Amino acid sequence: MRILSSDLKSHVGDKVIIEGWLHKKRLLGGLTFINVRDRKGLTQVVIKDKNEVEKLRGMQIGTILRIEGSVADEPRAPGGVELHDVTLEVLVPVEDEPPIEIDKPLSHKPDNLDTLFEYRAIGLRNLQETAIFKVQSAITHALREYFYEQDFTEVRTPKLLAAATEGGAEVFKIDYFGREATLAQSPQFYKQILVGVFERVFEIAPVFRAEPSATSRHMTEYVSVDAEFGFITIEDLKSLLSGLMNYVNDYIWENCKAELELLKAAKPVLPKEIPSMSMSEIHEKYSKETGQNSIDEKDLRPDEERWACDYAAKNLGSEAVFVTDWPASEMKFYHKAQPDNPELADRVDLLFRGIEIVTGSMRENQHDIVLKQLKEKAGGNPEDPGFKPLLTAMQSGMPPHGGFGMGLERLTEKFIGLSNVKEATLFPRDINRLAP
RNA sequence: GGGCUCGUAGUGUAGUGGCCUAACACGCCUCCCUGUCACGGAGGAGAUCGCCGGUUCAAAUCCGGUCGAGCCCGCCA
């Protein structure tokens with residue numbers, strides 16, 4: 001029966017079979033060391049028999065092996081155990097030299113990202129690349145766990161839509177049996193509609209944006225972590241996000257410590273309640289400190305986002321910070337203005353380690369106001385199949401509600417400390433890349 | 001959409017008018033090596049310097065075009 005690399009310790013003295021990929025060869029003459037990779041990590045195998053070593057002649061990294069041998073305690077071996085007196089069987093020979101090396105860290109320099117992604121199919125076998133996505137898997141697990149604990153229902157909404165909906169971001173248009181369809185750039189309206197059904201919903205799914213952005217933080221397809229819930233205020237939304245960030249942070253550092261250390265990640269400092277700064281406060285302090293004037297701007301500049309995170313880390317004891325009090329003039333039509341200050345939107349963004357990872361807001365839940373805002377802010381037609389279902393839901397009773405969208409890749413990138421979202425994406429899609 | 005930068009063996013880099021018949025490291029091939037873990041040592045193969053054109057006695061190097069890529073801004077998660 002096959003034993004995994006992580007279980008060898010409990011089989012010392014036993015004759016076992018391991019199976020996996022040839023990860024590294026070191027031939028020392030009368031003694032050969034090889035590393036065999038399986039889903040749990042590496043096993044060191046010591047080969048003394050020349051006939052067994054000969055079986056590896058011409059076999060490249062990636063060759064699939066089945067090895068029978070006895071497990072030996074060996075303090076000199078990585079992990080303290082290794083396989084002795086082995087018999088090798090090459091299950092799948094690999095004789096072509098791999099185009100990139102996978103047994104040492106791959107270059108993540110901007111200039112080399114193209115190569116990194118071009119050979120993604122095997123580059124991901126590099127243990128550091130694998131670690132990134134183990135962490136991402138754990139993040140997703142933690143997110144689900146947290147949402148379930150908070151009584152959210154996980155939903156799936158369609159990604160093929162009849163028409164452009166949310167507005168703002170560019171949408172992909174596709175041919176749908178002779179009609180024009182679009183790819184969803186957000187589950188926005190569906191998750192709002194579903195608040196009328198489940199009260200609390202979340203979805204972790206891809207969205208598509210046809211924006212011609214070529215930056216280290218944009219892709220044309222990414223995974224959006226969306227949540228929407230009813231009978232809340234903006235403060236409830238912030239509490240949920242604070243709890244979620246902390247839950248994920250603690251979860252991955254408890255369950256992926258080895259991976260995070262391999263990636264040289266530093267655990268972010270996050271207080272129980274993440275602090276807030278209003279947009280005008282950020283503008284003011286940023287302008288004063290940097291000499292750049294952003295006072296009249298209605299958004300944050302990327303440089304300002306980085307500055308605000310630095311400020312929060314130094315002065316507020318948090319590597320994440322909420323940005324509140326956005327100008328109502330920039331609201332989307334489904335957003336809600338602050339009840340006691342209609343000049344400001346009831347919106348909150350979350351900045352984390354220099355980048356915007358979340359946009360959230362309270363939604364306008366009164367049908368007549370949404371209708372008005374749709375016409376005035378978006379120039380939208382209420383009869384449009386993209387808008388009508390949302391309006392129908394509003395007409396049929398929607399509680400005060402709000403929610404947010406969070407970029408899974410950005411979240412992964414920042415928790416690990418990478419510098420490009422694409423590094424946190426298995427097979428990234430951007431304006432230039434559609435394969436692999 | 002605007003701005004800037006970069007394309008040299010499989011990979012990562014050096015070379016920025018003549019010393020380049022293009023160098024180094026990793027990988028690959030052959031040989032030596034019994035405790036390696038970025039093993040070590042000896043030798044070898046592998047590049048028409050992204051492509052096209054121009055300037056020049058001479059171009060990897062300068063100029064123009066083209067293709068490919070990256071970064072920033074706008075916009076966003």
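From a predicted model like this one, the values you see are computed outputs, not experimental measurements. For the numbers below, each heavy atom of this structure counts, side chains included, while hydrogens, waters and symmetry mates do not. Throughout, protein chains are lettered first and strands after them, A, B, ... in sequence-line order, and every chain is numbered starting at 1.
Distance check on atom P: B:G15 versus B:G7 gives 10 Å, rounded to whole Å. B:G64 and B:A23 are spaced 30 Å apart, taking the P atom of each and rounding to whole Å. Of the P atoms belonging to B:A69 and B:A47, the separation is 25 Å, rounded to the nearest Å. Taking the P atoms as reference points, B:C63 lies 15 Å from B:U55, given to the whole Å. A gap of 10 Å separates the P atoms of B:C62 and B:C6, to the nearest Å. Comparing B:A9 with B:C20, their C1' atoms sit 15 Å apart, to the nearest whole Å. Look at the C1' atom in both B:U16 and B:U5: the space between them is 16 Å, to the nearest Å. Spacing between B:G17 and B:G44 at atom P, rounded to whole Å, works out to 32 Å.
Atom CG in A:D114 sits about 10 Å away from atom P in B:C71, given to the nearest Å. Between A:I431 atom CD1 and B:G2 atom P the separation is 11 Å, expressed in whole Å. Rounded to an integer number of Å, the gap from NE2 of A:H23 to C1' of B:G27 is 14 Å. Atom CG in A:L300 sits about 11 Å away from atom P in B:C75, given to the nearest Å. Atom NZ of A:K25 and atom P of B:C26 are 17 Å apart (whole Å). Counting to the nearest Å, the C1' atom of B:C76 and the CG atom of A:D349 are 10 Å from each other. Between A:K332 atom NZ and B:C75 atom C1' the separation is 10 Å, expressed in whole Å. Nucleotide B:C76 holds its C1' atom 10 Å from the CH2 atom of A:W326, rounded to whole Å.
Summarising the base pairing, B:C62 is matched to B:G54 through a Watson-Crick or G-U wobble pair whose two defining distances lie under 3.5 Å. Pair assignment for B:A23 gives B:U13, based on Watson-Crick or G-U wobble hydrogen-bonding distances that are each under 3.5 Å. In this structure, B:A42 forms a base pair with B:U30, meeting either the Watson-Crick or the G-U wobble geometry with both donor-acceptor distances under 3.5 Å. Across every strand in view, B:C49 sits unpaired, with no contact that passes the Watson-Crick or G-U test at under 3.5 angstrom. The partner of B:G68, taking Watson-Crick or G-U wobble pairs whose two distances both stay under 3.5 Å, is B:C6.
Summarising the geometry, atom OG1 belonging to A:T157 is positioned 10.5 Å from atom CD belonging to A:Q188; distances are rounded to the nearest 0.5 Å. Residue A:Y247 holds its OH atom at 10.0 Å from OH of A:Y146, rounded to the nearest 0.5 Å. Between A:Y311 atom OH and A:Y286 atom OH the span is 15.5 Å, to the nearest 0.5 Å. Distance check: A:I357 CD1 to A:L411 CG gives 5.0 Å after rounding to the nearest 0.5 Å.
Screening A:K272, A:K257, A:K267 for a salt bridge (charged side-chain N to carboxylate O under 4.0 Å, His left out) with A:D250, the sole residue that qualifies is A:K267.
Note on A:R217: a side-chain N or O is less than 4.0 Å away from OP1 or OP2 of B:C73. OP1 and OP2 of B:C73 both lie 4.0 Å or more from every side-chain N or O belonging to A:Q292. The side chain of A:N420 contributes an N or O atom lying less than 4.0 Å from OP1 or OP2 of B:C71. Within the structure, a side-chain polar atom (N or O) of A:T359 is placed less than 4.0 Å from OP1 or OP2 of B:A77. Considering only side-chain N and O atoms, A:S216 lies nowhere under 4.0 angstrom from the phosphate OP1 or OP2 of B:G70.
In this structure, of B:C71, B:C73, B:A77, it is B:A77 that holds the atom nearest to the side chain of A:Y222.
Ion pairing between a basic and an acidic side chain is recognised when a charged N comes within 4.0 Å of a carboxylate O; A:R347 and A:D349 show such pairing. Between A:K40 and A:D7, no side-chain nitrogen of the basic residue sits less than 4.0 Å from a carboxylate oxygen of the acidic one, so the salt-bridge criterion is not met. Ion pair A:R120/A:E129 flagged as a salt bridge, since at least one NZ, NE, NH1 or NH2 atom sits closer than 4.0 Å to an Asp/Glu carboxylate oxygen.
Contacts of A:E305 with the nucleic acid, taken as non-hydrogen atoms under 4.0 Å apart, include base atoms. Nucleic acid contact for A:V358: sugar-phosphate only, since backbone atoms but no base atoms lie under 4.0 Å from a heavy atom of the residue.
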request  = Encode nucleotides 7-15 of chain B as B, S and - characters from 5' to 3', where the letter depends on protein heavy atoms closer than 4.0 Å: B to the base, S only to sugar-phosphate, - to neither.
outcome  = ---BSSS--
Polar pairs (N or O, both sides) under 3.5 Å between protein and nucleotides 31-37 of chain B?
from	atom 1	to	atom 2	distance (Å)
B:C31	OP2	A:R57	NH1	3.3
B:C33	N3	A:L27	O	3.2
B:C33	N3	A:G29	N	3.2
B:C33	N4	A:G29	N	3.4
B:U34	OP2	A:L28	O	3.4
B:U34	OP2	A:G30	N	2.7
B:G35	O2'	A:R76	NH1	3.4
B:G35	N1	A:E82	OE2	2.7
B:G35	N2	A:Q44	NE2	3.4
B:G35	N2	A:E82	OE1	2.6
B:G35	N2	A:E82	OE2	3.3
B:U36	O2'	A:R26	NE	3.4
B:U36	O2	A:R26	NE	3.1
B:U36	N3	A:Q44	OE1	2.9
B:U36	N3	A:Q44	NE2	3.2
B:U36	O4	A:Q44	NE2	2.7
B:U36	O4	A:R76	O	2.9
B:C37	O4'	A:R26	NE	3.3
B:C37	O4'	A:R26	NH2	3.4
B:C37	N4	A:R76	O	3.0

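Within a 6.0 Å radius of CH2 in A:W21, other residues, nucleotides and ligands contribute 12 heavy atoms or fewer.
Take the nearest nucleotide of RNA chain B for A:R306 and for A:K24: the residue whose nucleotide is more 5' is A:K24.
Aromatic ring orientation, A:F387 versus A:F189: tilted (interplanar angle from 30° to 60°).
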request  = Starting from the C-alpha separation in whole Å, work towards a yes-or-no answer on side chain to side chain donor-acceptor pair (under 3.5 Å) for A:E281 and A:H283.
outcome  = CA-CA 5 Å; A:E281 183 186 358; A:H283 281 331; over 6 Å; no
Contacts table for residues 86-97 of chain A: side-chain donor-acceptor under 3.5 angstrom, sequence neighbours left out:
from	atom 1	to	atom 2	distance (Å)
A:E89	OE1	A:R66	NH1	3.2

